[in-house]
Participant: 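Before we start, here is the structure in question, set down as structure tokens.
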Amino acid sequence: MKDSMLTAQSRSRALEDMVDTGLDVLVVGGGVTGAGIALDAVTRGLRTGIVEMQDWGAGTSSRSSRLVHGGLRYLYQLDLRLVSESLAERGLLLDTIAPHLVHAQPFLWPLRLPLVERLYSAVGIGAYDVIARFRGGRVPIQRHYDKAGALGIFPDIRPSRLVGAIRFYDARVDDARLVVDLVRTAVSYGAQAASRTRVVRLVRNGQLVTGAVLRDLETGEERTVRARHVINATGVWTDEVEKLAGTPGKGPKVLASKGVHIVVPKERIRGRTGLFLRTEKSVLFIIPWPDYWVIGTTDTAWTEQREHPVATAADIDYILEHANRVLRSRLTRDDILASYAGLRPLLQPLGASAADSAKVSREHAVVSVAPGLSAIAGGKLTTYRKMAEDAVDFALGPERARVQPSITKRVQLVGAVGYEATRAQAAAHAHRLGWDQQRTAHLLSRYGSELTVLADMVRTDPQMGLPLAAAPTYLRAEVAFAVTHEGALHVEDVLRLRVRLAYEQRDGGVAALDEVAAVMAPLLGWDQAQVLREKESYRALVEAQRAASEAPDDATASAVRRSVPDLVPVEVPDGV
């Protein structure tokens with residue numbers, strides 16, 4: 001295995017190597033699906049490259065409910081195949097692929113009717129438990145509570161809103177970290193990876209797609225990369241690649257559906273599990289994290305620009321209204337630390353209306369767009385590995401796929417290799433470095449076996465062991481690690497997707513901005529002018545996000561967000 005470090009230097013080398021050696025597979029799109037495809041392809045022995053026009057996972061894959069779940073609501077739609085597949089993937093992530101990142105999470109389902117609802121819910125969750133037992137990833141089975149028992153677990157439920165409850169389990173994950181770890185693991189097996197890199201043209205020999213012209217968005221330089229097969233894994237940007245191919249209508253039709261979440265402080269809700277609530281349109285999750293709660297989601301059509309979807313006042317009011325129907329705490333806008341929006345790439349069946357997004361299937365499809373070019377769309381975060389397997393099988397063709405089958409069911413991500421041993425040794429590291437139990441658990445859940453790398457950084461430079469003054473949950477070493485191992489190129493990459501203060505603090509992490517930039521600057525060779533640009537750009541981004549969340553509708557909110565230019569523009573209208 002090669003080094004798994006993603007750095008500014010490894011990015012430049014990757015672009016050069018893609019040009020020099022050519023590729024068997026070029027993956028376009030660095031979300032969870034594209035990252036999974038890159039790992040699947042490279043571990044089959046294929047020369048693999050992956051490019052992403054923004055930061056890794058910056059689109060849909062870092063704006064999810066942060067759940068790895070079987071999809072309990074799909075069971076009630078009798079979609080047993082999708083539920084079974086999802087639970088199998090949940091089991092692989094919990095047990096093998098990423099046990100440091102994916103953690104079993106209990107949820108409470110409040111019941112309103114004394115007998116009928118408990119009976120059909122018990123049957124549904126029972127089927128969920130049975131399927132999970134057969135497909136792996138063992139978690140505790142359902143447990144039933146009367147009203148007093150349910151309120152003992154979750155005191156903040158309004159007594160009038162339940163007669164009892166059922167506890168069941170799914171799992172949670174830091175979605176952005178999952179994507180970065182997938183890319184790093186692919187790199188460790190030999191894949192070439194470059195973020196902030198956009199496909200501006202596809203290269204063709206007649207009808208055959210033979211590669212792509214890549215623009216380095218950091219420098220403006222363009223390079224031509226030869227590839228036997230290009231896989232479009234750009235989610236809601238799928239149509240843009242079709243335009244580059246000159247084959248409109250040949251790929252999957254994708255509907256962009258906006259899902260919004262809000263984040264509130266941990267102390268504002270009293271409860272020891274998550275909550276699963278059914279609404280008239282979909283479901284609402286109230287999900288506990290160590291320092292806050294994530295509440296969502298919505299499911300509405302989005303027709304504005306796709307780089308920066310934003311929550312509106314109406315979205316936030318919808319979530320607050322439905323949460324407050326059940327919670328005693330009566331959450332208000334003043335309680336919200338942050339809101340965020342992501343765009344689900346839903347497959348659009350023929351005749352489907354854009355306003356009908358809640359009814360569109362979450363299943364995925366792989367389609368041939370042109371010889372040498374295929375596209376994958378749909379699906380969900382939980383099933384990224386299966387989607388990746390299908391995409392690479394399709395690119396190889398049936399005969400070659402049988403000879404070179406996927407092995408990713410057995411491939412552990414960085415941080416998972418040696419995780420159990422590191423967890424057993426964590427107390428010794430903590431004792432030497434003065435970490436308390438909470439700090440150690442935090443680092444293990446983010447870095448797994450790479451906790452030892454953080455420990456070495458702190459031993460080498462004790463300043464790295466200092467907590468961020470404005471965000472003491474995180475060490476300065478975590479900011480440095482984001483640059484030296486996880487491919488962060490800009491302040492926003494760290495604060496939005498590595499040390500996620502953009503979603504965890506009321507000011508979006510602005511109070512930590514000086515300290516974060518000070519750690520990053522020497523590692524990336526920034527002068528004072530660049531430091532100033534980075535900080536000014538991030539402050540403007542946070543303010544635009546806040547202002548957008550007060551806008552009444554999508555069009556107004558989108559215009560507010562787009563009024564602030566990106567530090568590294570992606571220029572989507574001309575390509576991807």
Participant: I need the single residue from T297, T382, I287 that forms a side-chain contact (heavy atoms from CB on, under 4.5 Å) with L67. Which is it?
Facilitator: I287
Participant: Side chains of D175 and S62: do they bring a donor and an acceptor to under 3.5 Å?
Facilitator: no
Participant: Quick one: NZ on K380 to NE2 on H364, what's the gap to the nearest 0.5 Å?
Facilitator: 12.0 Å
Participant: Distance only, no hydrogens: is a donor on one side chain within 3.5 Å (strictly under) of an acceptor on the other, for D40 and S406?
Facilitator: yes
Participant: For H103, what residues pass the side chain to side chain donor-acceptor pair (under 3.5 Å) criterion, not counting sequence neighbours?
Facilitator: none
Participant: Please list, chain by chain and in numerical order, all residues satisfying ring pair (Phe, Tyr, Trp, His ring centres under 6.0 Å) with Y340, sequence neighbours excluded.
Facilitator: H261, Y503
Participant: With R63, which residues qualify under side chain to side chain donor-acceptor pair (under 3.5 Å), at least two apart?
Facilitator: none
Participant: Only counting residues at least two apart or in another chain, list the ones meeting ring pair (Phe, Tyr, Trp, His ring centres under 6.0 Å) with H308.
Facilitator: none
Participant: Could you list the residues that satisfy ring pair (Phe, Tyr, Trp, His ring centres under 6.0 Å) with F168, not counting sequence neighbours?
Facilitator: F107, F276
Participant: For A186, which residues count as a side chain to side chain contact (heavy atoms under 4.5 Å, CB included) partner, sequence neighbours excluded?
Facilitator: A38, L39, V42, A191
Participant: How would you list, by chain and number, every residue that makes a side chain to side chain contact (heavy atoms under 4.5 Å, CB included) with A98, sequence neighbours excluded?
Facilitator: L93, H100, L101, V102, L413
Participant: Has I153 got more than 12 heavy atoms of other residues, nucleotides or ligands less than 6.0 Å from its CD1?
Facilitator: yes
Participant: Around atom CZ of R143, are there more than 12 heavy atoms from other residues, nucleotides or ligands closer than 6.0 Å?
Facilitator: no
Participant: At what distance, to the nearest 0.5 angstrom, does CD of Q404 lie from CG of L46?
Facilitator: 5.5 Å
Participant: Taking atom types as modelled, find out whether S329 and R268 have a side-chain donor-acceptor pair closer than 3.5 angstrom.
Facilitator: no
Participant: Would you please name every residue forming a side chain to side chain contact (heavy atoms under 4.5 Å, CB included) with R270, sequence neighbours left out?
Facilitator: P155, D156, R328
Participant: State which residues pass side chain to side chain contact (heavy atoms under 4.5 Å, CB included) with R325; sequence neighbours excluded, sorted by chain then number.
Facilitator: R161, E280, E321, H322
Participant: Per the side-chain contact (heavy atoms from CB on, under 4.5 Å) rule, which among L443, V499, V494 passes with Y474?
Facilitator: V499
Participant: Any side-chain heavy atom of V392 within less than 4.5 Å of one from R44?
Facilitator: yes
Participant: Under the rule for salt bridge (Lys or Arg N to Asp or Glu O under 4.0 Å), what residues qualify as partners of R177, not counting sequence neighbours?
Facilitator: E486
Participant: Tell me the side-chain hydrogen bond (donor to acceptor under 3.5 Å, both in side chains) pairs involving residues 411-420, sequence neighbours left out?
Facilitator: E420-R423
Participant: Kindly compute the distance separating CZ (R90) from CG (L87), expressed to the nearest 0.5 Å.
Facilitator: 5.0 Å
Participant: Hey, which of R498, R66, R500 is the one that makes salt bridge (charged side-chain N to carboxylate O under 4.0 Å, His left out) with D174?
Facilitator: R500
Participant: Strictly by modelled atom types, are H442 and E478 linked by a side-chain donor-acceptor pair under 3.5 Å?
Facilitator: yes
Participant: Just jot down the salt bridge (Lys or Arg N to Asp or Glu O under 4.0 Å) partners of D315, sequence neighbours excluded, or say none.
Facilitator: K258
